[in-house]
Structure formats: C-alpha cells, structure tokens
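Report on the following structure.
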Amino acid sequence: MLMEILRKEGERQVKRRTSPDEDSGSESEEERLKDQREKDELVQHMKERDAAGTRKLTEQKLTRKEEEEAVRRSNAAEQDDIHSLRKFSRQEYLKKREEKKLEELRDDIEDEQYLFEGVKLSEVEQRDLRHKKELYELIKKRSEEADNVNEYRMPDAYDQEGGVNQEKRFSVAMQRYRDTHAEEKMNPFAEQEAWEEHQIGKATLKYGSKNKKQASDDYQYVFEDQIDFIKASVMDGDKFDYDEMEDSIEKSKAKSASEALQAERKKLPIYAYRDELLKAVEKYQVLVIVGETGSGKTTQIPQYLHEAGYTKHGMIACTQPRRVAAMSVSARVAQELGVKLGHEVGYSIRFEDCTSDKTILKYMTDGMLLREFLGEPDLASYSVVMVDEAHERTLSTDILFGLVKDISRFRPDLKLLISSATLDAEKFSDYFDSAPIFKIPGRRYPVEIHFTKAPEADYLDAAIVTSLQIHVTQPPGDILIFLTGQEEIETAEEILKHRTRGLGTKIAELIICPIYANLPTELQAKIFEPTPEGARKVVLATNIAETSLTIDGIKYVIDPGFVKMKSYNPKTGMESLLVSPISKASAMQRAGRSGRTGPGKCFRLYTAYNYQNDLDDNTVPEIQRTNLANVVLTLKSLGIHDLLHFDFMDPPPAEALLKALELLFALSALNKLGELTKVGRRMAEFPVDPMLSKMIVVSEKYKCSEDIISIAAMLSIGNSIFYRPKDKQVHADNARLNFHTGNVGDHIALLKVYNSWKETNYSTQWCYENYIQVRSMKRARDIRDQLAGLLERVEIELTTNSSDLDAIKKSITSGFFPHSAKLQKNGSYRTVKHAQTVHIHPSSGLAQVLPRWAVYHELVLTTKEYMRQITELKPEWLVEIAPHYYQLKDVEDTSSKKMPRGEGRA
DNA sequence: GAGCACTGC
C-alpha cells in the first residue's frame, strides 16, 4: 500500500514538471530579467549610499544555489547519524569528561611543580587577586563547615580544616587515581587525549595569556575549583549614543503622552530607513529584513505600511512564534496609533481572537496563520504578510515559508516580508528567489565574551563556582545561568544555598531564582521582582530565558553550552529528549541576554577551541527532528499532495515523511492513492496530533465523545499535570495513585482527574490537595472547550458513556492501534508491529499490574525505552478495529499456554 | 522503580 502512495507521489511530480506552466515560461522569464535589471540598478544605488555610511541594502548572488544543494544533501546524510553520533547523553559526556579530569589529575601528581602553577589568572583579574584570595578562603571554609554531607562531585576529604592542605589534597587525589587505575591499569585513550590537550593548548595560546607564572607566584592554591577564563572577544554593540538616547527619553516625558509616544517612535533606529524601506517594498514582492534587537521593526514596519496605504486592499499580518509576543506587540502598536486594541490593531492566538471587522494590522502566532490557510488558501484578505523572527525556524514558520512562497507566485499583489537574524539572511534570500536583503541596525550594548582556558569536567559545578566568582569580584548586576532542566536547576539551587549559607554580611546577599516552564506561576513571578540594593540575583534558567522571557538587570551570563533537545528517529518512530551541545547561534543569543540594559559579560564554560570546532553553526530546524504526521495531514488538507517535493527550506528526512504518510494511511486519513479521505478531512479540523484526532472522530461510533475529548485534552498537555516537589514526592505519588483505583489504565485515570476537578467546580484548592498543576488543568479545559466546539463543526454529537469503559478504550485503540505492545516473559513488552522491546514507565498506574496487552500514548527514550500513558487492551480489538493493519497471526496469543494470566511478575 | 527543554494549533 505504501508503495502505491509513493508511486502516486512520483507520478504527480512528473506531471508537475511537464504541466501547462510551460506556456507562460518565456513571459515570466522576461519579467525575471526585467526584475533582475531593476535589482541591479537598485543595488548599484544602494552601494553608493552604503559607502556614505547611511544604509545597507545588499543584493544576493544566485551562485550559491549549488553550494546550498550540496549542504542540503550532506545534511540529509547526516540525519541518519543524528541519533548515534551527534547527540550524546549527558552521562556519556560527563563520563568522558570525568576520565579527562582523571588524566589531568595524574599529570598533576606526577609533576608536583604544576600544582604551584595551578592557578592561572588572566591579566584583567590580577588586580583583584588579594581581595579574591581572602574571599575565596572565606567561602571555601564556610561552605565546608556547612556541608558535612557529600559535596556534589567533590572528593570527601579536601581541606577539612578550611585552610590549604596540599598534602591531604594530594593523598585524596592519589587515592582516587589508584582506585580507578587499579582495574584499568592503563588508559587506552591517553594518546588521543594528549593530542587533544595539545590542540586545545594551541587554541588557547592564540588568545594570549603569557606571563601566567608571574601572576601565580605569590598565590597559593586555595580554591581548587577556581575557573580560569580568557576574554576572547567582544560582541559589538552598535555605534549608538546612549546618552542621547536617555536624554531624549527624558525630554519626551515632559510632553503629553501621545506626543511622547510619537517622539519615541522617531527615535527608533528604523525611523531613518522608513522611506527606503517603503520604496523597497514597493519595488519587490519579497524582502528579507535583517533587523537587530531593538530596531523597532516589529512595531514600526506594519505601521509604515499602513501609512503608505497597503491596508486599503487587505490586512497586514505579522506572525510571531509566541503568543505573548503577539499580544504585547499588538498592545503597544494600538497604543502608538491611539486606537483600541481589537479594533484597527488586533491579535489572534489560539483560544483568543482579539480582532474585529475594522482590524487592519493583525499580529498573530505563526501557527494561527497556518490554520487560517485551511479556510483561505490564497490568503485573499491580506495584502502583506510579515513573518517575524523567522530565524527561530519553528515548525510553523518553516511550513509557512513553503506556502507563502507558493501563493506569492499567483498573487503578485501580496507583499512578503521575512525578518531574520543577520546570520541567516542570505539563506532566506536564496530561498525566496534571491530576494533583496534590507538591513536595519539595532540598539545593543557590547558584551564581553570569556571562554574557559581548559574544558570543565563538571559544568554544573563550574557554573556555580563561576557565579560565586562573579559575585565576589564583579560590580553589581544580576547573573543568569543556563541549565538544561528542572532537576539540574534544583540541584544547583541546593548547592548554591549550601555554599553561601552563613556567610552573613561578609559577602553581599545572593538571591537565587529558579525558572523553568513547569514551575508554578506564583513561583515564577520571583524573577521579575527588582533586586534590592546591595544584593545580587542569580537566575537559574532553562532555555526558556533564551528567547521566551526577558529578565531586566542581567549583566552576567554563564553558559555551560548544553540544552535539552528533542529528536525523532523516523525509523523507530521514537522521540527522545537528550542533552546536547548548543549551536553557535544559540550561544550568541545567550550571550546577548546580558547586554540588554547595559554592557554585559558572558562566561562560557567551554574553550574557544570547542566553540569553533565542536558546535554547529545553527540548531537543526525543528522540522528535521520531529514527527511529521500532523504536518503531513495539514499539508494534504491544503491540497498539497506532492509532499516529497514540497519546497521546504530545509527538507525533513524523506523517511520521516514516509513514516507520516504510512501512519496517516493506517489511520485511514489517506486512501491508497495518498488522497485525503473524509475521515482525514474531519481529523484535520482538530488542532491535535492525528492519532488523537482519529480517536476523537471515532468516538462518534462508540458514543463517548465527551469522555474522549477530555482524555485528548489531558493527553495533549503532556507531562505537566502532576506536580511533584522534591520534598513531598511520597504524598504526591499517593495522591496520584488515587486516580488509578481499579487499575483502569492511565487514560481513564486522566479522565477521572479531569472529571473530579470539574465536580469541584474547577477548584484551585482541590488541585493543591492532589498535587495537580492548576495551570495545566486550566489549559486542558481550554483545549477541551475548543475541541467541543470543533465537534459541532464536524457534526459529531456530544455524548457520554462513562459507565462503559470498554467503549472508551475501544475509541482510544482506534486512534492508537499502531502503538500496541504485548507482555514478554521477563516483564518487558514488545511492540506488536515492529517487535521492539519497550517497558512500562514507572509513573504509570499499570507499572505493577503488567497487563498482557497494552496500548500506549507515546514512546520515550530515557534510560530505557518507555511507554507512557498506557491502557489495557483486548487483542481481538486490534483485528476488529484495524483489520488492514493487523492480521490474526499478529495477535495470536502464542505465549498464553506458557504464561497464563496473572502469572506475570507480581 | 524513574525522572520530561521550549513553543504552537
């Protein structure tokens, strides 16, 4: 069947190539040449102006196409290795680093002389040497008095008395060395590591730090975790008169509010380019805009276009990757134009459409515009589409690119503006048929970038030490540390508290603020409270602080260089969340977070050599590392059939597309020709994953749509329903087990949670008592309401059938039958279709029950391959529900004689 | 008996 789909895809491609477009070929060619001439003229003109130092508008070369193609091909090849080579788990990483540290330690021991040179300080830091020395001794002493527990990855017996005790340190190190090498005898990697050392040495030398010996002559090794940084570069701020800026803001306060707003608008860097920009928009259909942070592009460009009359023939859409951005920017613009939000200026996000008939400037999330495509495939009501923050490459923006590029061909009146960061501009330009690039400078403060001199074995410890180092040596200003997840943040918080405890007035107060998305809202508010005079704030954040939220007052950024990233293996259909090194683009973005309100400093816990050689330039776009089932369904329902040749900017792996087609076919959303079926059309109405939407559509048959949409809503919020604070884990677990009485399975348990919450009239108190996140539940309610509305639209009656759990389970199975698994003798499971060994996730209510057959919501790879959210299944259902997918032999209970029911590992 | 970054529809 799949082959049939593929063959069809291929045929379409052939058809397309020889389609009637040929006729218009020569005409459009002529136009293109004319266009080219005009571009050339403009470029010449621009170049002249550029020389005068006023503005930059550059033309793109066409010659890069081939190069680009080669890169694409190699990217595709790399995809195969993505799970094995490029990403590696944190454990492996730490282990490797640990070995490296051991190696270093051995060198230490063999060459005692080295110990006395151990402290290497950059010249900048020499001044503060004495001051630091005192404070480090103090911190060291106090922190060890405070911890009689095992320090995080600290050897047991370092310098117990608080003073410097080289002898003891030496013996501990020696002991560690012996312990490890007793078994190993020798290190087979020594040679490789020596070579690496050498290479790293070469790299660090470039940045100079001669005379280090002088620096350490009068310095004792007091704080062995001291980290040395090298100031490698300064990320330039823009040439901008800050005094003038503040001055003008000051002056504008005196005027009336609206005058002040207008005056401020004129002070934005973009204002000087207004006329040039409008000219360029008039001349070209597609324009790539490079507007740096603070240039005012998001708020101003739509206004300029409105003033120039583009709104006479349709709305101006401006897409944002995030809801908050769409809301806040539109509010600002409404204020500047002096209109009420929701009238001329509005925003449209999921659950909230704040627009009206009058609306001409519409800010929206990118996913929302994508949804609008479904109802209006040519975007007829828009005259301009501006894709903002395009460099973030969200799944939705990537699809939007292909779609808007396509419609721009037959809608010459539609203007496209793509706004991106500097680095990607050329790529965007190439993709949009060499669209001109328009550059607007921003307002940024310079950021000093420091690298470590040597790789750090334990980045968490290094980050903590660095933050303390900053705290005692650097002028006031808050610190932002990027960590990978909740657990790590909690650990870091504990260690920091230990180390600063009891220091009293000896050092300034250190306020520790954790922040991650799953943190309850009331605790999140803490990071926005202004830092009291004399104190310093340390923000421990996940990637959320990289783009999603901005914290004022951050002056120092500590970047260990890791992030938790989702990747998808199309071969097995398994998603995994792995700690991976960040990209250079990401590192720059992180560094930039310190320069928002004044000059900043960024401390990277890796070497300049690592940065140059080990980090990718850009993060792999989401479209290349995700399950595409939803994307494929959306595109198919937009009438785009030839997916293998859809004009993606970075095409996803073909395997992932095929996997998605295969799944949609199995769900009967596509027929064997790869065409959308009636079921598929209905499924596409629901903004959830295809398996969930199939489950919803099928619930009509089993008369349990009310229950199913509750389950679907709960499943689509994912993992943040149950709150599990570190100190009350037992209570939280018990509370959760209450919903599992009768071993009904996780899906039904979720339904119970939702219904119980509803019965308490959506009580917040109830949530606290049951360790459930209120925020997630409210979200589930919103999603459920939306799904209920959509059910009406596809004419499915709302019915409930709570007493018949089998009906509900059958609906679930109808959506999730490809995710079925059978118990093995050893207590593990094997997936029915792919014979893959998997396990029940311990958080499941059925973890102890071990049903013979199970259907699961998703597979995640952590320490093992786990099924999350599972429900028991009767094997005959599989054949009944999906006869095209399972045959009797698949579900024949071969093991039934060997292992009767209930004999599982009890 | 384990542990989940961030968005978005």
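Both A/N630 and A/V563 lie close to DNA chain B; mapped to their nearest nucleotides by heavy-atom distance, the more 5′-ward contact belongs to A/V563. Taking for each of A/A517 and A/V688 the nucleotide of DNA chain B with the nearest heavy atom, the 5'-most of the two is the partner of A/A517.
For A/K566, the side-chain atoms get nearest to B/dA5 when compared with the rest of B/dC9, B/dA5, B/dA2. Comparing B/dA5, B/dA2, B/dC9 by their closest approach to the side chain of A/D733 singles out B/dA2.
Distances shorter than 4.0 Å separate none of the side-chain N or O atoms of A/S396 from OP1 or OP2 on B/dG8. Residue A/R350 has no polar side-chain atom (N or O) positioned under 4.0 Å from OP1 or OP2 of B/dT7. One finds no side-chain N or O of A/T547 lying less than 4.0 angstrom from the OP1 or OP2 phosphate oxygen of B/dC6.
When heavy atoms are screened at a 4.0 angstrom cut-off, A/I783 is found touching no nucleic acid atom at all. Within the 4.0 angstrom heavy-atom criterion, only backbone atoms of the sugar-phosphate kind lie near A/I544; the bases stay farther away. Across all strands, A/Q486 comes closer than 4.0 Å only to sugar-phosphate atoms, never to a base (heavy-atom distances). Residue-level contact check: A/T542 touches the backbone only, with heavy atoms under 4.0 Å from sugar-phosphate atoms and none from bases.
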Assess whether salt bridge (charged side-chain N to carboxylate O under 4.0 Å, His left out) is satisfied between A/R322 and A/E392, documenting all intermediate values. CA-CA 11 Å; A/R322 277 168 295 280; A/E392 286 192 28; 2.9 Å; yes
Under the side chain to side chain donor-acceptor pair (under 3.5 Å) rule, what do A/D559 and A/Y606 come out as? Steps first, then yes or no, please. CA-CA 9 Å; A/D559 174 17; A/Y606 39 91; 2.9 Å; yes
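A/R393 and A/D424 are not joined by a salt bridge, as no carboxylate oxygen comes within less than 4.0 angstrom of a charged side-chain nitrogen.
Between the side chains of A/E546 and A/S586, a donor-acceptor pair is found at a separation under 3.5 Å.
In this structure, the CD atom of A/E372 is 12 Å from the P atom of B/dC9, given to the nearest Å. When rounded to the nearest whole Å, the span between CD1 of A/I623 and C1' of B/dT7 equals 15 Å.
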